[in-house]
Number of protein chains: 2
Amino acid sequence: MGRTSDAKERILDSAQSLIYARSYADVGVQEICEKAGVKKGSFYHFFPSKSDLTLAVLEQYWAQFQTHILNPAFNNDIPPLKRFARFQNLVFEFHKQSKVDTGKLCGCPYGNLASELSTQDDHIRLKVKHIFSEIILYFKNNLKQASEAGECDCVDIDTTSRALFAYIEGIVILAKTENDPNVLKELSPHFYNLIH
Amino acid sequence: MGRTSDAKERILDSAQSLIYARSYADVGVQEICEKAGVKKGSFYHFFPSKSDLTLAVLEQYWAQFQTHILNPAFNNDIPPLKRFARFQNLVFEFHKQSKVDTGKLCGCPYGNLASELSTQDDHIRLKVKHIFSEIILYFKNNLKQASEAGECDCVDIDTTSRALFAYIEGIVILAKTENDPNVLKELSPHFYNLIH
DNA sequence: CTTGACCTTGACTTATCGGTCAACTAACAT
DNA sequence: ATGTTAGTTGACCGATAAGTCAAGGTCAAG
């Protein structure tokens, strides 16, 4: 089997934090390698291109997002509608902490890459599109449960889930532009107005 | 006065369309100059840096956005609440036409730059922040008129205006990620749920 | 203890990046 | 007509970009 190595993981972690804090284009392969303590040749041993690395980064984001935010938020230990509030609160705490650590509110990891690269790299656009659809699926399932529990009477669950997601995505980009996590707290309550 | 030239305008127009279609980082000064039919030396005669050029591009976006979308949309020839629908429709038509022309839905010109550069260039972030506040001001004034006309009973006009803006911003980024202008049509109706 | 797969290295390529500059040219005001 | 000023040019800078490659090193399994 040859030898093993954690270089791939170190590259992924470095790329994830660097690209999130800045942007895809602003972070070079070189810098990622330096932070990971790896030479560029090793980088291209693990990833065929910077674009492919970014696809892997998106997958890592997604796994962590499920583990640390989505699954805890939408766990069925509380009534469905309250889970949305818990979700928004976890997102708020994430950005608040992120700003404490780095001094900046960096926005949505997926939305950032979609904004920057959608018109240039279809693989990345489609990957983000898929992740978005998965998040919306969480919303949809939860909304259905809320409806069945009589917590709301929602006719168009599909579209409403997408509207809820769009609203949060918009809040986060406004928060990033104002570099202020309190925007999340300010605008979160209106979330429920989108549910009839 | 020395000689005159429209080179500055040509540079601005080229930069505007190129950066909107792609991204700040992906478009080089060289390419902007080539499209404008100008040498790089001339570029730096008019703009001290690429970042400053982008600030000027943002101002041009803003002037055009007011002329072609905001002012027509929020003209008081129809009841206030209907003006929001007219606004959303103009935004839809813009992205629809933009996709016909270029094959891609390019998103929000301001949001794109804010997403890409907010953590790296504070001048650009603050410029976008200011433009956002101006757009929200349109919303706010219109919401006030709607409230006074008895079309809605909105208590927190400030926050609601910001929520409305965030929602639209989110819709546009979802539409960009799916590369589909119909997302705007699909999610626009829910806009009114955000108004009590 | 050798084989072979896995990993690492560093030098390299080609291209482009944002930005500078001194010399030059054209047009306007007087 | 001429001086002044605005605009133009092309060569140039150091830095860095993504990506390549041949060679060598290291580990685990047989």
Side-chain angles (χ1 to χ4, degrees), chain A residues 1-58 112-113 116-117 119-125 127, chain B residues 1-58 113 116-125 127:
Chain A
M1 275 290 170
R3 74 209 253 205
T4 57
S5 160
D6 62 342
K8 190 173 183 177
E9 284 68 37
R10 279 182 286 134
I11 292 169
L12 269 170
D13 291 342
S14 302
Q16 185 177 26
S17 61
L18 285 172
I19 292 174
Y20 180 55
R22 311 234 290 284
S23 73
Y24 175 84
D26 196 59
V27 178
V29 172
Q30 186 113 307
E31 189 179 357
I32 293 169
C33 292
E34 277 161 18
K35 178 159 184 175
V38 151
K39 307 293 164 147
K40 214 195 304 201
S42 284
F43 178 97
Y44 286 99
H45 172 73
F46 294 108
F47 302 100
S49 71
K50 190 185 176 188
S51 172
D52 284 282
L53 179 261
T54 307
L55 291 174
V57 164
L58 278 167
N112 290 347
L113 288 169
E116 184 183 354
L117 301 171
T119 59
Q120 298 175 65
D121 189 319
D122 235 36
H123 291 113
I124 290 181
R125 181 182 70 78
K127 185 102 205 166
Chain B
M1 277 290 173
R3 71 211 255 202
T4 57
S5 161
D6 63 341
K8 190 173 183 177
E9 284 69 37
R10 278 182 286 134
I11 292 170
L12 269 171
D13 291 342
S14 302
Q16 185 176 25
S17 61
L18 284 173
I19 292 174
Y20 180 55
R22 312 235 289 283
S23 73
Y24 175 84
D26 195 58
V27 177
V29 173
Q30 186 112 310
E31 189 179 357
I32 293 169
C33 292
E34 276 161 18
K35 179 160 183 174
V38 151
K39 308 291 165 152
K40 214 197 299 201
S42 284
F43 178 97
Y44 285 98
H45 173 72
F46 293 107
F47 301 99
S49 71
K50 190 187 177 187
S51 172
D52 284 282
L53 179 259
T54 307
L55 290 174
V57 165
L58 277 167
L113 288 169
E116 184 182 355
L117 301 171
S118 276
T119 59
Q120 299 176 65
D121 189 320
D122 235 36
H123 291 112
I124 289 179
R125 181 182 71 78
K127 185 101 205 166

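Only heavy atoms go into these numbers, but all of them, side chains included; no hydrogens, no water, no symmetry mates. Per chain, numbering begins at 1; letters A, B, ... match sequence-line order.
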*Asks:* Given atom CG of A:Asp121 and atom C1' of D:dA18, what is their separation to the nearest angstrom?
*Replies:* 14 Å

*Asks:* Salt bridge (Lys or Arg N to Asp or Glu O under 4.0 Å) for A:Arg125 and A:Asp122? Distances and angles first, verdict last.
*Replies:* CA-CA 5 Å; A:Arg125 181 182 70 78; A:Asp122 235 36; 3.1 Å; yes

*Asks:* Would you say the side chain of A:Val57 lies within less than 4.5 Å of the side chain of A:Phe47, judging by non-hydrogen atoms?
*Replies:*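 No, every pair of side-chain atoms sits at 4.5 Å or beyond.
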
*Asks:* Go through residues 29-45 of chain A and report each residue with a non-hydrogen atom lying under 4.0 Å from DNA chain C, sorted by number.
*Replies:*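 Close to the strand are A:Lys39, A:Gly41, A:Ser42, A:His45.
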
*Asks:* Nearest 0.5 Å, please: how far is OG in B:Ser51 from NE2 in B:His123?
*Replies:* 7.0 Å

*Asks:* With B:Lys50 as the cation and B:Phe43 as the aromatic partner, state whether NZ or CZ is under 6.0 Å from the six-membered ring centre and within 45° of the axis.
*Replies:* no

*Asks:* Between D:dT8 atom C1' and B:Phe46 atom CZ, what is the distance in whole Å?
*Replies:* 9 Å

*Asks:* Return the value, rounded to whole Å, for the distance between atom CG of A:Asp26 and atom P of C:dG18.
*Replies:* 12 Å

*Asks:* Taking the side chain of B:Thr4 as heavy atoms from C-beta outward, which of D:dA18, D:dT8, C:dC28 is closest to it?
*Replies:* C:dC28

*Asks:* Nearest to the A:Lys50 side chain among C:dG18, D:dG19, D:dT8, which nucleotide is it?
*Replies:* D:dG19

*Asks:* Send over the distance from B:Gln120 CD to C:dG18 C1', rounded to a whole Å.
*Replies:* 14 Å

*Asks:* Checking A:Glu116 side chain against A:Ala25 main chain: does a donor-acceptor pair fall under 3.5 Å?
*Replies:* yes

*Asks:* To the nearest 0.5 Å, what is the distance between CD1 on B:Ile32 and CD1 on B:Ile19?
*Replies:*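 Interatomic distance, B:Ile32 CD1 to B:Ile19 CD1, rounded to 0.5 Å: 4.5 Å.
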
*Asks:* Please confirm whether the shortest side-chain N or O distance from B:Ser5 to OP1 or OP2 of D:dT8 is below 4.0 Å.
*Replies:*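 Yes, because at least one side-chain N or O of B:Ser5 sits under 4.0 Å from OP1 or OP2 of D:dT8.
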
